[in-house]
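Single-structure report; data block below.
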Amino acid sequence: MKLFTNKKKLQNEIKNTNNISFVPTMGALHKGHQSLIKKSVKMSNKTLVSIFVNPRQFDNKKDFFAYPKSFKKDKAILERLKVTYLYKPSYSDIYNFKTKNKIFLHPFSKKLCGKFRVNHFYGVVDVVNRFIEIIKPKKIFLGNKDFQQLFLVKKHIQKNGINTKVISCRTIRNKKFIAYSSRLKRLKKYENKKLVEIITILNDYKKKLIRKRIRHNFNYIKNKLLSAGAKKVDYVEIINLKSLKKPKVFGNNCNLFFAFYIKNVRFIDNF
Ligand code: AMP
């Protein structure tokens, strides 16, 4: 695996390659990342993984600085998975050029996390666009755990006629149904227990919504999560993945979307 920290050097290396697959990450790699990377390596000749904790998508400075880092371990994982290139740029390497494409933010960016994290999705789409302009990948691999991010990147790519195919990847969970997340590293053991309890409550709630065909009641579920140890609940919503509407009753093509805090650590997922 070749490591690059500078886009000019990277571009010089890949200038004659037109079939690169790209997996963007913020590092602290876990089994979720690894499944995206494995899929990419399987489907492509060359896989480029980026590690960049993008300050512009954090609405909270403390959260940005507390973001877990494990570069040595990450590098070993990427070597083992037979990744071709690792790109770990500096802030200025990503932001010191003017982009060709205009950032397109679909109105879905105003929903769910968009209501609570000001400028977050602009930051996400902008940074992914910058990586795409530098790398010009044939494919980009993104996880359904961050469904809103995946959807918005897809819409931006379509709107700008960018020749990069979005490959959506399933969410990888542990035995307790917790989606792997870099932020898990910020929880103590007893806080992790709270997380298990909260996810179990949400999963049971979803099953009940389906089985009994009852209407979603945000205040009811919010209070249950707060009693189980969530510090704050931003939203729990049913979303139809095709229409992006918010039905009151859980129907076909729907997932339960949620965001909550345990101490100052924010978790999102959908299932
Ligand atoms: P991040 O490093 O959190 O920015 O995530 C990088 C990519 O990995 C994104 O496309 C995420 O959606 C994806 N991802 C994060 N967690 C998981 C998971 N548990 N299972 C599958 N994909 C994931």
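Atoms within a ligand are numbered from 1 in the order they appear, just like the ligands themselves.
For Lys31, the closest heavy-atom approach to ligand 1 does not fall below 4.0 Å. Close to ligand 1: Pro24, with a non-hydrogen atom less than 4.0 angstrom away.
When the heavy-atom distances from atom 3 (O) of ligand 1 to Phe141, Tyr67, Phe52, Phe147 are ranked, the shortest goes to Tyr67.
Ring to ring, Phe257 and Tyr235 are not that close: their centroids are 6.0 angstrom or more apart. Here His216 and Tyr205 bring their ring centres to under 6.0 angstrom of each other. In this structure, the ring of Phe116 has its center no less than 6.0 angstrom from the ring center of Tyr261.
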Pair Phe131, Tyr87 - check ring-ring contact (aromatic ring centres under 6.0 Å, His included), show working. CA-CA 10 Å; Phe131 274 109; Tyr87 178 34; 5.8 Å; yes
Show the numbers, then the answer: is there a side chain to side chain donor-acceptor pair (under 3.5 Å) between Asn96 and Ser92? CA-CA 5 Å; Asn96 72 0; Ser92 72; 4.7 Å; no
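Numbered from 1 in the order shown, with element, the atoms of ligand 1 that lie under 4.0 Å from a heavy atom of His30 read 15 (C), 16 (N), 17 (C). Each of the following atoms of ligand 1 lies closer than 4.0 Å to a heavy atom of Thr25: 2 (O), 6 (C). Each of the following atoms of ligand 1 lies closer than 4.0 Å to a heavy atom of Tyr180: 16 (N), 17 (C), 18 (C), 19 (N). Within the listing of ligand 1, atoms 16 (N), 17 (C) sit less than 4.0 angstrom from a heavy atom of Lys145. Ligand-side atoms of ligand 1 in range of Asp146: 11 (C), 12 (O), range being under 4.0 angstrom from any heavy atom. Residue Leu36 has at least one heavy-atom neighbour below 4.0 Å for each of these atoms of ligand 1: 7 (C), 8 (O), 10 (O), 13 (C), 21 (C), 22 (N).
Considering backbone and side-chain atoms alike, Leu142 places every N or O at 3.5 Å or more from each N or O of ligand 1. Considering backbone and side-chain atoms alike, Ala179 places every N or O at 3.5 Å or more from each N or O of ligand 1. Here's the thing with Thr171: none of its N/O atoms is less than 3.5 angstrom from an N/O atom of ligand 1.
Nearest protein heavy-atom contact of atom 4 (O) of ligand 1 is Met26 CG, 3.6 Å. At the shortest separation from atom 1 (P) of ligand 1 among protein heavy atoms lies His33 NE2, 3.6 Å. The protein non-hydrogen atom at the shortest distance from atom 21 (C) of ligand 1 is Arg170 O, 3.3 Å. With respect to atom 18 (C) of ligand 1, the closest heavy atom belonging to the protein is Gly32 CA, 3.5 Å. The protein non-hydrogen atom at the shortest distance from atom 20 (N) of ligand 1 is Ile172 N, 2.9 Å. In terms of protein heavy-atom proximity, atom 10 (O) of ligand 1 is closest to Gly143 N, 2.9 Å.
Atoms CD and OG1, from Glu133 and Thr99 in turn, are 5.0 Å apart once rounded to the nearest 0.5 Å.
Salt bridge annotation for Asp269-Lys145: absent, with no cationic side-chain nitrogen under 4.0 angstrom from a carboxylate oxygen. Salt bridge present: Asp234 and Lys232 bring a charged side-chain N and a carboxylate O closer than 4.0 Å.
A side-chain contact (heavy atoms from CB on, under 4.5 Å) with Ile132 is found for exactly one of Thr164, Asn101, Asn160, namely Thr164.
With hydrogens and angles disregarded, a donor-acceptor distance shorter than 3.5 Å links the side chain of Thr200 to the backbone of Val196. At distances below 3.5 Å, not a single donor-acceptor pair connects side-chain atoms of Asn240 with backbone N or O atoms of Leu244.
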